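Heavy atoms only: backbone and side chains are in, while hydrogens, waters and symmetry mates are out. Naming: A, B, ... by sequence-line order, numbering from 1 per chain. Model, not experiment: these values are computed from the prediction.
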Amino acid sequence: MNAELPALWSALATYTLAGSLAFAGVASGRLPERWVMRLLVLGLALHAVSIGARWERLGHGPFLTMYEILSSNVWSLLAIFVLAAWRLPVLRPALAIVLPLLFVMMLWLALQDPRAGHLPPTYATALLYVHVGLGKVFLGAVLIAVGLGGVVLARLTRRGAAWFAALPGDRQLDELAYRFLALALVFETLMLVAGAVWAQDAWGRYWAWDPLETWAFLTWLMLVVALHVRSTFRPAPPVSAALAIAVFVLAFLTFFGVPFVTTAPHQGAI
Amino acid sequence: MRIARTHLETPAWGEAVARLGSTRLALALIGLLALGAVAASRDAGPAGWLLATPLALLALNLACAVATHASFRAQPALLAFHLALLAVVALAAAGRLTYLKGTLELSDGEEFAGALNQREQGPLHGDAIEGVAFTQLGFTVHYQPGMKRAQTHARIAWRDARGTLREAEVGDDTPLRLAGYRFYTTPNKGFAPEFVWQGARGGAPVRGTVHMPSFPAQLASQQQEWTPPGASQALTTRLELEAQLVDLERPWVLRAPVAHALAIDADAQRVVLRPGESHAFAEGTLHYVGLRMWMGYSVFYDWTLPWLLAAAVLAALALGAHYLGKFRREPWHGGVAAEAA
């Protein structure tokens with residue numbers, strides 16, 4: 001029996017358990033960090049089995065259908081967050097902010113048709129893996145900034161201030177979020193470059209303002225604006241947090257919204 | 001007081017340059033560029049100008065910022081990033097002035113000699129493509145079940161600068177590169193009946209092909225109307241495949257030859273021709289040689305591509321180096337006074 005779907009459902013259940021534990025822990029002021037992290041790592045391992053089984057069965061990476069795109073991004077976003085939270089424990093309470101976003105993606109994933117898509121001949125290149133991989137790091141870095149920004153915004157309320165009281169001050173969280181946004185800019189720039197190199201030979205042009213290219217460029221501009229505003233004007237942390245969220249919204253629409261409004265080449269229909 | 005001192009110490013032009021290089025102006029221009037990008041994606045009106053204007057102003061803004069902001073001189077990696085961005089903009093502009101995009105169709109055995117069906121180019125693109133020549137020897141296109149196109153393999157021959165005959169296989173994301181031009185196969189391809197037409201009034205016979213509609217995209221309408229050289233009446237030619245070529249259940253390969261016949265309507269009569277057969281029409285005799293294939297190619301030229309890539313990669317690496325150095329010098333939790341949440 002193929003392990004793909006059972007492993008995926010087990011992973012989603014484990015993520016849900018980890019998320020519930022994180023919410024309860026943040027709300028009660030006693031976050032069982034180690035258990036949350038262990039459960040997330042277990043979920044990631046199960047999810048990796050699911051993605052690997054599908055990869056083995058179909059012979060290509062998870063980047064064609066919306067099912068594959070959502071599944072691989074849930075995995076990569078969580079993996080990047082867990083990796084960062086392992087190195088920076090201060091990020092762990094921000095799971096209470098980030099996991100609801102990921103649960104929306106998981107619910108969306110559960111509703112997708114898991115059947116295989118058609119691999120266009122121009123997708124059989126290592127450049128595509130580089131392009132996709134860089135994009136995942138970019139989105140993961142923005143998600144971490146959003147988690148930190150979410151903590152800053154949550155602290156504007158009395159309940160949020162109580163939940164996240166143990167974390168460093170807003171200025172410090174803002175500084176950390178700024179660093180992840182900076183990392184995101186480097187990786188988005190590289191993602192766009194790798195994508196342009198791939199597009200040149202895949203479609204005979206390196207840039208054509210197709211909807212996905214346009215939205216990715218708008219996201220890049222928004223990221224540039226957020227970083228300039230942060231470094232030049234030193235706004236209050238809630239303003240920086242709002243800018244990080246704006247970047248994430250644009251990036252989310254680029255990654256997951258554009259395929260709904262276009263049949264341009266990026267969707268794979270060539 | 002501070003403003004007055006600036007006026008006294010800074011020449012008026014220096015102040016103007018500083019204003020032109022301000023971050024506020026940069027942010028406003030980035031907003032304009034975003035609007036230009038949206039216009040370009042919708043192919044709206046003068047999209048080129050809507051992109052070029054904010055980009056040119058941003059380049060000016062950046063040049064002024066580099067000239068006046070001490071932070072650039074103090075941070076070489078940041079300076080390298082912004083200069084690389086300037087290079088990207090300059091190269092993209094140079095590329096737009098000299099690029100060429102076009103399409104062409106070639107039958108098997110036919111030589112490309114510089115003539116394009118469609119052509120779009122920058123004002124400074126020369127006529128170098130007219131010196132480019134290659135011959136399409138043949139091609140195959142693989143399909144997966146459900147009419148899903150897979151690999152295209154086209155065989156190409158050309159003579160290099162020394163006159164040596166060269167052959168290569170191209171297709172999909174592997175273009176033929178000649179004199180800086182990249183020729184890509186496209187999904188647009190089909191059958192090409194080859195004829196010899198001998199006009200009733202004499203003259204030399206003319207050999208050529210007629211490109212039927214794209215296959216299998218227009219599987220159900222394999223019909224083409226064309227007029228023989230020197231004739232006044234059009235011939236309507238329909239390709240009748242005698243075997244099932246397209247298989248929706250199993251993989252299949254598009255290649256010539258295939259079992260078929262041609263039905264030709266003219267002079268209120270229908271004639272069916274098979275390879276090697278002829279028919280005398282009122283204005284001449286049509287000899288059907290056989291069925292070949294045609295392939296549609298797209299051609300692209302932009303000499304800036306490797307330089308653009310180098311500048312863009314340099315920009316990303318310089319940006320990474322800048323942030324790495326900056327963040328290593330200043331720990332995220334230090335230098336900022338802790339505050340109550």
>> To the closest 0.5 Å, what do you measure between CG (A/L119) and NZ (B/K148)?
In response: 11.0 Å
> So which part of B/L27 gets closer than 4.5 Å to some heavy atom of chain A, the side chain, the backbone, both or neither?
Replying inline: side chain
> Between atom NZ of B/K101 and atom CZ of A/R205, what is the distance when rounded to the nearest 0.5 Å?
Replying inline: 8.5 Å
> Residues in salt bridge (Lys or Arg N to Asp or Glu O under 4.0 Å) with A/R179, at least two apart?
Replying inline: A/E175
> Which atoms of A/V90 come close to chain B, meaning under 4.5 Å heavy atom to heavy atom: side chain ones, backbone ones, both, or neither?
Replying inline: side chain
> Among residues 219-228 of chain A, which residues come closer than 4.5 Å to chain B, judged by heavy atom distances?
Replying inline: A/W220, A/L221, A/V224, A/V225, A/L227, A/H228
>> So B/D302 and A/Y206, do their side chains get closer than 4.5 Å, heavy atoms only?
In response: yes
>> Please determine whether the number of non-hydrogen atoms from other residues, nucleotides or ligands lying under 6.0 Å from atom CD of A/E56 exceeds 12.
In response: no
>> As an exercise, state the distance from OG of B/S41 to CZ of A/F217, rounded to the nearest 0.5 Å.
In response: 11.5 Å
> Checking heavy atoms, do the side chain of A/F233, its backbone, both or neither come under 4.5 Å from chain B?
Replying inline: side chain
> Could you give the distance from CZ (B/R42) to CH2 (A/W209), rounded to the nearest 0.5 Å?
Replying inline: 14.0 Å
>> Within the 4.5 Å heavy-atom criterion, are B/F300 and A/W203 side-chain neighbours or not?
In response: no
> Taking A/V193, A/L183, A/L176 one by one, which has the highest count of heavy-atom pairs under 4.5 Å against chain B?
Replying inline: A/L176
> For the side chain of B/H333 and the backbone of A/L173, is there at least one donor-acceptor N/O pair under 3.5 Å apart?
Replying inline: no
> Considering all heavy atoms of both residues, which atom of B/A316 and which atom of A/V186 are nearest to each other, and what is their separation?
Replying inline: O-CG1, 4.0 Å
> Between A/L185, A/L190, A/T125, which residue shows the highest count of heavy-atom pairs closer than 4.5 Å to chain B?
Replying inline: A/L185
>> For the CG atom of A/L148 and the CH2 atom of B/W332, what is their distance to the nearest 0.5 Å?
In response: 8.0 Å
I'd like a table of donor-acceptor pairs (distance under 3.5 Å, sequence neighbours excluded) in which one partner is a side-chain atom from residues 30-39 of chain B, with atom names and distances.
none

> Is it the backbone or the side chain of B/L308 that comes under 4.5 Å from a heavy atom of chain A, or both, or neither?
Replying inline: side chain
>> Could you report the tightest heavy-atom contact between B/A150 and A/P121, atom names first, then the distance?
In response: O-CG, 3.2 Å
>> Test of understanding: with ring pair (Phe, Tyr, Trp, His ring centres under 6.0 Å), list the residues that count as partners of B/F183, not counting sequence neighbours.
In response: B/F112, B/F134
> By a 4.5 Å heavy-atom criterion (distance strictly below it), what part of A/L88 contacts chain B: side chain, backbone, both, or neither?
Replying inline: side chain
>> Could you check whether atom CH2 of B/W252 has more than 12 heavy atoms from other residues, nucleotides or ligands sitting under 6.0 Å from it?
In response: yes
>> Quick check on B/L305 against chain A: is it the side chain, the backbone, both or neither that has a heavy atom closer than 4.5 Å?
In response: side chain
> Is the backbone N or O of A/Q200 less than 3.5 Å from a side-chain atom of B/Y184, with the two atoms forming a donor-acceptor pair by type?
Replying inline: yes
> Would you say A/Y178 and B/Y323 make side-chain contact, with heavy atoms under 4.5 Å?
Replying inline: yes
> Would you find more than 12 non-hydrogen atoms of other residues, nucleotides or ligands less than 6.0 Å from A/R57 atom CZ?
Replying inline: yes
